[in-house]
Amino acid sequence: MRKVVFDTETTNFFSDVGKNEPAALDLAVVCIYDSATDDYKSFTKEELPKLWPILEKADLLIGFNSEHFDIPLLNKYYSGDLSKIRGVDLLKEVKKVLGRRIKLDTLAEATLGRKKIGDGTEAVRWWRVGEIDKVIKYCIEDVKITKEIYEYALKNGYLKYRDMKIIKEIPLDTSGWEKISETDSHKLTHTLPF
C-alpha cells in the first residue's frame, strides 16, 4: 500500500482574504512523506506538476485537518478532485471521539513526547520575509509528526492528549484505515499523459 502523508503551508492568512475558506488562500509549499520511496519532499506552487503523479498513485493520503484545509487548498491548483483519493484525516478521527478539535501539537506532546517547531502563523511570516527553507523545514517536521501519530494510532488503537494535568487516551477505530476494497483500487489520471 502506497501511503502519502502530507501538509501544506500558505503565504497568507484568512484575515488577508476576508473569508475562512482554505481555497481563498495561496499555497506556499506542500510537503510529503511517500512510503514508496521512504523519503520526504517539498513542492512549491511552481513545482506542483511534480507532485500530482505521486498523489494520483497513492492508495491513501494521510493528513491532519486535511479534509477541511489541505485538500480544498490543493484542489484549487489541481485539475481533478483530490478528495476522491482515499484518505485519513487524523483530526477528523479524533473529533469523532472527543466531539471537539484538538491541536496537532497537543497530540504530539502527549503521544510522542515532543512538540512542533513552530506554528502556521510563524510559517506565513517566514515566507513573507523570504525564509523559504525555514517554512519547508517546519512543514516537513509537521509531516513527520503526522506520520508518527498515524503509526502510533495504527499500532496502539489510541492517541494521547493532556487535559489539564492529566494525560488521557483517545480510543480510535483504525481497523478500516488501511483496508483496500475494489472501489478504492482505482487511480486518478488527470495529470498523466494520454
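- Listed for the R86 side chain is a donor-acceptor partner under 3.5 Å among the backbone atoms of K179.
- With hydrogens and angles disregarded, a donor-acceptor distance shorter than 3.5 Å links the side chain of D59 to the backbone of R2.
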- Output, in order, the C-alpha distance, side-chain angles, deciding distance and verdict of side-chain hydrogen bond (donor to acceptor under 3.5 Å, both in side chains) for N65 and D70. CA-CA 7 Å; N65 197 25; D70 302 284; 6.0 Å; no

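- A distance of 6.0 Å separates NZ of K41 from CG of D34, quoted to the nearest 0.5 Å.
- The hydrophobic clustering, which links ILVMFWY residues whose side-chain heavy atoms are closer than 4.5 Å, places V94 and I167 apart.
- Taking both residues in full, the closest heavy atoms of V135 and A123 are given as CG2-O, 3.3 Å, listed atom of the first, atom of the second, then distance.
- The two residues S66 and F6 make their nearest non-hydrogen contact at CB-CZ, 3.5 Å.
- Closest heavy-atom contact between N20 and P22: O-CD, 3.8 Å.
- Note that the OG atom of S42 and the NZ atom of K137 stand 14.0 Å from one another [nearest 0.5 Å].
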- Task: Decide side-chain contact (heavy atoms from CB on, under 4.5 Å) for F69 and L91; before the verdict, give the C-alpha distance in whole Å, the side-chain angles of both, and the deciding distance to 0.1 Å.
- Result: CA-CA 11 Å; F69 188 85; L91 177 59; over 6 Å; no

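- In this structure, K19 fails the cation-pi test against F14, since its NZ or CZ atom is not both closer than 6.0 Å to the six-membered ring centre and inside 45 degrees of the ring normal.
- For Y152 and Y158, the distance between ring centers is under 6.0 angstrom.
- Salt bridge K168/D163: present, at least one basic N to carboxylate O contact under 4.0 Å.
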- Worked check of salt bridge (Lys or Arg N to Asp or Glu O under 4.0 Å) between D105 and K116: CA-CA 6 Å; D105 203 31; K116 291 174 32 138; over 6 Å; no

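- Atom OG1 in T8 sits 13.0 Å away from atom CD1 in I32 (nearest 0.5 Å).
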- Audit row: L172, I170, side-chain contact (heavy atoms from CB on, under 4.5 Å) steps and yes/no: CA-CA 6 Å; L172 298 172; I170 306 163; 4.0 Å; yes

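- Using a distance-only test at 3.5 Å, with no hydrogens or angles considered, a donor-acceptor pair links the side chain of N75 to the main chain of L82.
- Tracing side-chain contacts under 4.5 Å through hydrophobic residues (I, L, V, M, F, W, Y), one never reaches L27 starting from F13; they form parts of separate clusters.
- Salt bridge present: R128 and D16 bring a charged side-chain N and a carboxylate O closer than 4.0 Å.
- Salt bridge status for E151 with K147: present, with a side-chain N to carboxylate O gap under 4.0 Å.
- Under the 4.0 Å criterion applied to side-chain N and carboxylate O atoms, K76 and D26 are assigned as salt-bridge partners.
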- Task: Kindly determine whether L90 and W177 satisfy side-chain contact (heavy atoms from CB on, under 4.5 Å), including the steps that lead there.
- Result: CA-CA 11 Å; L90 291 167; W177 287 6; 3.6 Å; yes

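- Atom OG1 of residue T37 and atom CG of residue D39 lie 3.5 Å apart, to the nearest 0.5 angstrom.
- Closest heavy-atom contact between R162 and M164: CG-O, 3.0 Å.
- Salt-bridge check for K160 with E109: failed, with every basic side-chain N at 4.0 Å or more from each acidic carboxylate O.
- Taken to the nearest 0.5 Å, the CG atom of D119 stands 11.5 Å off from the CG atom of L104.
- Between I145 and A108 the shortest heavy-atom distance is CG2-CB, 3.6 Å.
- Of the inter-residue distances, the one linking C139 atom SG with I132 atom CD1 reads 13.0 Å to the nearest 0.5 angstrom.
- For the pair R125 and E122, the salt-bridge criterion is not met [side-chain N within less than 4.0 Å of a carboxylate O].
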- Evaluate the criterion side-chain contact (heavy atoms from CB on, under 4.5 Å) for residue pair E169 and L159; output intermediate values, then yes/no. CA-CA 6 Å; E169 292 180 359; L159 292 174; over 6 Å; no

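- With Y138 contributing its side chain and E9 its backbone, the two residues share no donor-acceptor pair below 3.5 Å.
- The hydrophobic clustering, which links ILVMFWY residues whose side-chain heavy atoms are closer than 4.5 Å, places V124 and I117 apart.
- Between the side chain of T111 and the main chain of L107, a donor-acceptor pair closer than 3.5 Å is present.
- Aromatic pair W52/Y77: ring centres not closer than 6.0 Å.
- Between Y161 and L98, some side-chain heavy-atom pair lies under the 4.5 Å cut-off.
- The side-chain heavy atoms of V143 and F64, taken from C-beta on, include no pair separated by under 4.5 Å.
- Y33 is connected to M1 through a chain of hydrophobic side-chain contacts under 4.5 Å among Ile, Leu, Val, Met, Phe, Trp and Tyr, so both are in one cluster.
- A salt bridge does not link K84 to E56: none of the charged side-chain nitrogens sits closer than 4.0 Å to a carboxylate oxygen.
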